[in-house]
Amino acid sequence: MWGPRQPGQRWWQRAVRRRLPVLGWLPRYSLSCLRLDLTAGVTVGLTVVPQALAYAEVAGLPVQYGLYSSFVGCFVYCLLGTAKDVTLGPTAIMSLLVSSYAFHDPAYAVLLAFLSGCIQLAMGLLHLGFLLDFVSCPVIKGFTSAASITIGFNQVKNILGLQGIPRQFFLQVYETLRRIGEARILPVPKAHPRGCAFVTSPPPVFDDPRASLRGSSPATSHCRAGDAILGLSCLAALAGLRAMKSRLHPTASTEPLAARASVLLVRSCATARNALVVLAAGLVAYSFQLSGSQPLTLTGSVPCGLPPFRPPPFSKAVPNGTVPFGRMVQDMGAGLAVVPLVGVLETVAIAKAFASQNDYRIDANQELLAMGTANILGSFFSSYPITGSFGRTAVNAQTGVCTPMGGLVTGTLVLLSLAYLTSLFCYIPKAALAAVIISAVVPMFDARIFRTLWRVKRLDLIPLCVTFLLCFWEVQYGIMAGVLVSGILLLYSVARPPIKVLEQGVLLVQPGSSLHFPAADHLQDIIRDRALAASPPCSVILDCHHVSSIDYTAVVGLAELLQELHKHGISLVFCSLQDPVLRALLAADLEGFRHFPSWEEAARCSEAELGGSRAACIDSTGESSLLPAGLIQ
């Protein structure tokens, strides 16, 4: 959390400030910060409105639900968030998960937001933020890369105007490639010149992926050339504006005013490229509407006004009766674990990245509280699950936001759009929204991570590839399998720690890490095999300067090893014991246990024993000046 801690505060004041971070920056708020926050808030608002409409399409929900999900998180995070740059709202990844677990049903999506928020809030109250550390970077990279491909390819049908394409990824690829050459302009019902009353939307997506393979009507067998031309044009415009922004260099104050103004204009257009492209596409569609023909597939009518404030649906009415709460929870299944986990991971990862870049700290547990509260309150306004957006957070940071106050401006713009602009959203072509989504998810695919892991640690490619491949089948299987493989690799490193063995007159054994029960037998086998194979027999020195902890199973194994080597006339001594390890071994009262401050002293003692003379050694039952103060039992 940014800002210094005020001295002389009472414990309850510190607790309140920790739970309400807004109290840390609001007293120091200035007019200069307000100007920067207004600029950032408006800029992000121009980005979030078209993205919200597009992400609702990814989630399989009516487009207004994207806007319903875009304002509550802005207001809540302003009060509870610990990162000044982060913006909460619908994202491509979260929309993909909602599509998988909410079955394109708003009732399930809103209930999923409420339950996810409850889980995230409970994790924050129980200080379980550390659990996020067990999800490795390769798993996150594998998931986001697979999600970018899945989301991007899912929009190809809207770019090309294809209809009747199944949502299952592999069937989707097959059908899209099979029918990609079928482009032609379809006859469209004459549009009403005053509005969208007669604009037809595409038929609903097949719930059964096999249904689209059994055949479809002639009206759904081809794609619209108008959609393809517009979609590809929007993609080209978005890519061009992005490239222009990346090549712009800061202008010096000594440069002419015209040059500085032109650079500022280009940068502003590039930053608000989503809004500009959607606006231009909407104007094109509106011009066709006035002419009485419509070669484009439009979004369709959007309900006007703000969403009603009501509790999330804990049951659902269906023609045959009512789906109770328990059945809805059972239907969502693994989504109740995957959705809140991925939401928190995405937010915390973004917050950490920008906190490191802009020199402030975040509190992972407080981020959990902010996320949970935002999802719970959002569900009362018909929001589906939200999380931090990397793209909008980057825009927020680049425009110089000072505090989370910029989120208030963004949320206000979304509310104004809902109140006054929804009547115009019906003219937005679906191909333009698809272009916005594809442009947003392309940077999520990180092809360099494969090469980087090959150079750094090839073993990390296993969880990356497992997660990446299985996410194309089912998202939850990919994440769960990736976490499982990462855990197995972590446990393997604990069970098989690096052990160095040197023969220098004595057998010097150096474990490379702490000793716990999975490694006990492994260490015994190495020492036993090397000690018994030596000819003539030599003493064994166990150098424990890398061992910071040891458990009871490992202690029992060392006791058995001491006895076994003693039967063969081989001595085992310990050296460089850290305090916790020495205390554990002394408390176990091992028979024949001896230890030395360094391996050189242990080697001299062992050589003296082999030469027939007995040096004064340290025994676990005796006192010696070599034993650290305070450890003599």
Side-chain angles (χ1 to χ4, degrees), residues 126-137 364-365 457 459-460 463 483-502 506-531 539-565 571-603 617-624 626-633:
L126 296 174
H127 295 271
L128 299 179
F130 71 92
L131 294 177
L132 303 178
D133 298 334
F134 289 93
V135 182
S136 64
C137 183
N365 291 312
K457 189 175 182 182
L459 203 60
D460 283 341
V483 172
L484 180 61
V485 171
S486 296
I488 291 173
L489 294 178
L490 178 63
L491 291 176
Y492 183 81
S493 66
V494 174
R496 295 294 182 267
I499 298 175
K500 184 185 296 184
V501 181
L502 302 174
V506 295
L507 197 66
L508 180 64
V509 180
Q510 295 178 327
S513 63
S514 296
L515 297 176
H516 299 290
F517 64 91
D521 289 340
H522 179 60
L523 178 64
Q524 285 180 257
D525 293 340
I526 288 179
I527 295 178
R528 184 189 302 110
D529 295 343
R530 295 296 295 269
S539 298
V540 179
I541 300 175
L542 187 59
D543 186 354
C544 298
H545 71 279
H546 291 306
V547 181
S548 59
S549 65
I550 190 171
D551 63 16
Y552 176 73
T553 304
V555 171
V556 171
L558 290 176
E560 295 174 353
L561 186 62
L562 275 169
Q563 297 176 6
E564 184 175 355
L565 293 181
S571 64
L572 171 63
V573 296
F574 298 77
C575 69
S576 305
L577 292 169
Q578 298 187 31
D579 289 355
V581 179
L582 180 55
R583 288 193 182 95
L585 294 175
L586 289 174
D589 194 20
L590 304 182
E591 183 179 351
F593 171 65
R594 292 176 294 163
H595 62 95
F596 297 86
S598 65
W599 74 269
E600 292 87 354
E601 295 184 52
C617 297
I618 304 172
D619 190 86
S620 61
T621 58
E623 297 182 3
S624 170
L626 295 178
L627 194 63
L631 293 180
I632 301 175
Q633 299 289 317

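Keep in mind it's a predicted model, so treat the numbers as computed, not measured.
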- Item | Verdict with reasoning, Ser549 to His516, per side chain to side chain contact (heavy atoms under 4.5 Å, CB included) | CA-CA 8 Å; Ser549 65; His516 299 290; 3.2 Å; yes
- Query: Could you give the distance from CG (Leu508) to OG (Ser539), rounded to the nearest 0.5 Å?
  - Reply: 12.0 Å
For residues 489-498, which side-chain donor-acceptor pairs fall under 3.5 Å, sequence neighbours excluded?
from   : atom 1 : to     : atom 2 : distance (Å)
Ser493 : OG     : Leu490 : O      : 2.5

Would you give me the side-chain donor-acceptor pairs under 3.5 Å for residues 517-528, sequence neighbours excluded?
from   : atom 1 : to     : atom 2 : distance (Å)
Gln524 : NE2    : Gly557 : O      : 3.4
Asp525 : OD1    : Arg528 : NH1    : 2.9
Arg528 : NE     : Glu564 : OE1    : 3.0
Arg528 : NE     : Glu564 : OE2    : 3.0
Arg528 : NH2    : Glu564 : OE1    : 3.4

- Task: Please report the C-alpha distance between Ser571 and Arg594 in whole Å, then the side-chain angles of each, then the deciding distance to 0.1 Å, and finally whether the side chain to side chain contact (heavy atoms under 4.5 Å, CB included) criterion is met.
- Result: CA-CA 10 Å; Ser571 64; Arg594 292 176 294 163; 3.4 Å; yes
- Item | Shortest non-hydrogen contact between Ser486 and Ser136, atoms and distance | OG-OG, 3.0 Å
- Query: Hey, does His595 have a side-chain heavy atom less than 4.5 Å from the side chain of Leu585?
  - Reply: no
- Nearest-0.5 Å distance, CG of residue Asp543 to CH2 of residue Trp599: 9.0 Å
- Query: Only one of Val506, Val509, Leu572 clears side chain to side chain contact (heavy atoms under 4.5 Å, CB included) with Ile541; which?
  - Reply: Val506
- Message: Do Ser514 and Ser548 have side chains that approach each other closer than 4.5 Å (heavy atoms only, starting at C-beta)?
- Response: yes
- Side-chain heavy atoms of Leu542 within contact of Val547, under 4.5 Å: no
- Shortest non-hydrogen separation from Leu507 to Ala531 and the atoms involved: CD2-N, 3.7 Å
- Atom CD of Glu600: over 12 foreign heavy atoms under 6.0 Å: yes
- Measure the spacing between CG of Leu502 and CZ of Arg530 and express it to the nearest 0.5 Å. 9.0 Å
- Message: Quick check: closest heavy atoms across Ala559 and Leu590, and the distance to 0.1 Å?
- Response: CB-CD2, 3.6 Å
- Query: Is there a side-chain contact between Ile550 and Leu558 (heavy atoms, below 4.5 Å)?
  - Reply: yes
- Query: Would you say the side-chain atoms of Ser598 and His545 include a donor-acceptor pair closer than 3.5 Å?
  - Reply: no
- Item | Distance-minimising heavy-atom pair for Leu562 and Gly592 | CD2-O, 4.2 Å
- Message: Can you classify the ring geometry of Phe134 versus Phe130 as parallel (below 30°), tilted (30 to 60°) or perpendicular (above 60°)?
- Response: perpendicular
